4 protein chains.
Amino acid sequence: MPRPSNTEERRQQIVDGLLKVMAERGYERASVGEIAKAAGLSPGLVHYHFSDKQEILLVLVEQLASRARIRVTMRLARVKGDDARAKVDAFIDAFLATGGDAAPSAVASWVTISAEAIRQPEVRAAYDRVVKADLEQLELLVAAVVGKRRARTIAAGLFAAVQGYFVLSASAPDLVPPGSAAGTVKRMAAGLLDTVEAREDA
Amino acid sequence: MPRPSNTEERRQQIVDGLLKVMAERGYERASVGEIAKAAGLSPGLVHYHFSDKQEILLVLVEQLASRARIRVTMRLARVKGDDARAKVDAFIDAFLATGGDAAPSAVASWVTISAEAIRQPEVRAAYDRVVKADLEQLELLVAAVVGKRRARTIAAGLFAAVQGYFVLSASAPDLVPPGSAAGTVKRMAAGLLDTVEAREDA
Amino acid sequence: MPRPSNTEERRQQIVDGLLKVMAERGYERASVGEIAKAAGLSPGLVHYHFSDKQEILLVLVEQLASRARIRVTMRLARVKGDDARAKVDAFIDAFLATGGDAAPSAVASWVTISAEAIRQPEVRAAYDRVVKADLEQLELLVAAVVGKRRARTIAAGLFAAVQGYFVLSASAPDLVPPGSAAGTVKRMAAGLLDTVEAREDA
Amino acid sequence: MPRPSNTEERRQQIVDGLLKVMAERGYERASVGEIAKAAGLSPGLVHYHFSDKQEILLVLVEQLASRARIRVTMRLARVKGDDARAKVDAFIDAFLATGGDAAPSAVASWVTISAEAIRQPEVRAAYDRVVKADLEQLELLVAAVVGKRRARTIAAGLFAAVQGYFVLSASAPDLVPPGSAAGTVKRMAAGLLDTVEAREDA
DNA sequence: TATGAATGAGAATTCATTCAT
DNA sequence: AATGAATGAATTCTCATTCAT
């Protein structure tokens, strides 16, 4: 009787280890040895469960994305009725509202991943897939307010603002007025979506 | 009679080399050897002109910032009269309008620098200084429109949007509608600055 | 089932490698690569077992000191009765009598270590600790002959003579009359300890 | 009319620079650049005046030796009459009596040179020459007291004690009773030279 | 003579990955 | 599954020495 596989548990420990180490040292300097230590495992085991360091990063990208998707789904579910405008705000809140569960290391890691996406093709592909899915969802929500024609551009703008707040809060946290991110982006959304001309587009 | 000093020229070549290599390989993988090769110099010379690799990066941060300041100054100079609103737009254009001189490698490097700022204290300090100066300038421009009370928050939001476009255009360029960045952020500015409530704050 | 740890064995091989290489090349020129080769190991492994080159040196200092302590203990054990004078001679013999086990590379290394102690604080601390312990032991033996008052000075003088023979035999071996070291220092001890005035101090 | 050569002055500055830097960093880490800086000269000039770094060291060895010879000559000149015993003491004082002119950096350098003599053949040759000359002079002085037969051995012993005090005072200065060196070695000399048996040898 | 830029050969150290057990 | 020793390539940095001026 073989012992029950704990592969998934181990892989999760390792991914968590990378998240932790990467948040404070970046990807290149997150050595496999440190990841293993943060995971409470031996270095050799990391390569038993992952073929190489990059694979861990790719899994982390998926996990961060999936957690974001869950937050979005939960926020959308709370919107009463079919309020299209409220759904856009819910999306923004899902990314920026810090409800006690603020995850600075996730944000720092995400910014690091953005930078890694510039050079590592596989990381770029994964990053692209995630951003594309987020953007498409936001575009749909925006289109329900102002119509398809300008939805893509507006969605990109709002998403850029979200990403920008991530960067600033990770790299220059003292310069962002605390607690202002979600509200400001929602006001940006209002400006883009609620003016007369904008509505006419719909 | 000694040969005339060309230190500044060499330093500039090296900084340019870092910019070039970093844009396509990131900071960690931009080895001193590659930087030297990109600069057309011998590896040893890099350390003759810079005490270490980080010093090159810090100089690059300053140079990128200074080029941006020049673009801002030029755009502001073109604003006729004392049009406070137009000045905000000019600031945004200085960062996002791609007038043929689009510098994708500068953007990629800047995104990389943002990520490095998360862990290297000296880089963070330099990055902070630059962002702080930019934000303060934008805040002044915004305050001329809506008054001081909300200027900081609005400036941060607009600046975040700019940084977010940098990230997206460097890391997921296919997902940003081409040519839309400056216009969208300017429309965000309009939403934040031109509504009735906003004006009342002034 | 992991392979049984051979860390201690490896560390010893590496320390032995340093002793060997350092004796003929000095500390600075004993490159980690050469140490590894002398130990029959790969260069990377050296840094797996030691955090840096200096740590190997510090361990070597301890080992040389500990071997000397053993020789002293053995010589003292052979002294019959409670002959205080004979004990001083035994101490000197432990350092200088070359009974077939002459270890020229240990002497050369020790002289090198003395010189390194001048600049490397950690090496100096280790060297100091060792010399201090040796001196204190010799001081006790001397005090049993002439009393405490002059013991420290006499012990330091005899120990200096021992160290001086080390230097000369390592750096200018042809100039030391072979086999004369131990006898001469013991005669110095006699002069310092056995004269009428000296005994009166006791 | 050629400008008067300042070669000798420059060479002296450079040798002084090496003495200074070597005393606090050792020979290997005394880079040519630092030596030049300590000498107030440019790095290139060092190799104009010396073919390589080792040549500076060899000149320094000669200079340190020559200064010692001068001190010995001066002390011997002060000995009244033909007092053979007093001459031995004068020799010892020339090396160990610290009359305000104590030169700790010369001592540190000398200890460093002893260690370098172990591996660099040219340094060893120079060191040997110097030590040999010193020893021969001391041997003559000793022979005038106890006769030739035992002079070599006794001279070596006294010289070893002197060298040992150099090492200890450079490498573990806190462990040598201050001001005790010259007196102790002179008492060692007394023990070796003034006993009945010793005189009989003469 | 003098300068200081330039070169290129190491140096220590790090680390992803492999492997014997 | 698991361990941790082992490998070897890559990296940053140092430095004696050379060279153009």
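The structure presented is a predicted model; accordingly, all values stated were derived computationally and were not measured. The basis for the numbers below is simple: all heavy atoms, side chains too, and nothing from hydrogens, waters or symmetry mates. In what follows, chains carry the letters A, B, and so on, assigned in the order in which the sequence lines appear, proteins first and then strands, with residues in each chain numbered from 1.
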With a cut-off of less than 4.0 Å, is there a side-chain N or O of [X] near OP1 or OP2 of [N]?
| X | N | result |
| --- | --- | --- |
| B:N6 | E:dA6 | yes |
| B:T7 | E:dA5 | yes |
| B:R10 | E:dA6 | yes |
| C:S51 | E:dT13 | no |

[X] [atom1] to [N] [atom2], straight-line distance once rounded to whole Å:
| X | N | atom1 | atom2 | answer |
| --- | --- | --- | --- | --- |
| A:K53 | E:dT14 | NZ | P | 15 Å |
| C:R11 | F:dA5 | CZ | P | 11 Å |
| B:Q54 | F:dC13 | CD | P | 9 Å |
| C:K37 | E:dG10 | NZ | C1' | 13 Å |
| B:F50 | E:dA6 | CZ | P | 12 Å |
| B:R29 | E:dT14 | CZ | C1' | 15 Å |
| B:H49 | F:dT14 | NE2 | P | 15 Å |
| B:H47 | F:dC15 | NE2 | P | 12 Å |

Presence of salt bridge, [Y] and [X], under 4.0 angstrom:
| X | Y | result |
| --- | --- | --- |
| A:R11 | A:E55 | yes |
| D:R29 | C:E116 | yes |
| D:R119 | C:E24 | no |

Practice problem: Would you check if the side chain of A:S114 reaches a backbone N or O of A:W110 as a donor-acceptor pair within less than 3.5 Å? | Solution: yes
Quiz item: Is the backbone of D:A39 close enough, under 3.5 Å, to the side chain of D:Q13 for a donor and an acceptor to pair up by distance?
Solution: yes
Table of protein N/O atoms under 3.5 Å from nucleotides 7-9 of chain F N/O atoms:
residue, atom, partner, partner atom, Å
F:dT7, OP2, C:S42, N, 3.4
F:dT7, OP2, C:S42, OG, 2.9

Practice problem: For DNA chain F, just give me the dot-bracket, please: Watson-Crick or G-U, both distances below 3.5 Å, ( ) intra-strand, [ ] crossing earlier pairs, | paired with another strand, . unpaired. | Solution: .||||||||||||||||||||
Self-check item: For the student: nearest non-hydrogen atoms of A:I118 and B:T112, plus distance
Solution: CD1-OG1, 4.2 Å
Quiz item: Is A:A36 touching bases, backbone alone, or none of the nucleic acid, heavy atoms closer than 4.0 Å?
Solution: nothing
Quiz item: Taking the nucleotide of DNA chain F with the closest heavy atom to each, which residue, D:E28 or B:D52, is nearer the 5' end?
Solution: B:D52
Exercise. With sequence neighbours left out, write down each residue that passes side-chain hydrogen bond (donor to acceptor under 3.5 Å, both in side chains) with C:R124, or none if nothing qualifies.
Key: none
Quiz prompt | B:L57/B:M22 under side-chain contact (heavy atoms from CB on, under 4.5 Å): CA gap, chis, key distance, verdict | solution = CA-CA 10 Å; B:L57 182 62; B:M22 193 168 74; 3.8 Å; yes
Self-check item: Evaluation steps, salt bridge (charged side-chain N to carboxylate O under 4.0 Å, His left out), between D:E28 and D:K53
Solution: CA-CA 10 Å; D:E28 289 291 330; D:K53 198 177 137 183; 5.1 Å; no
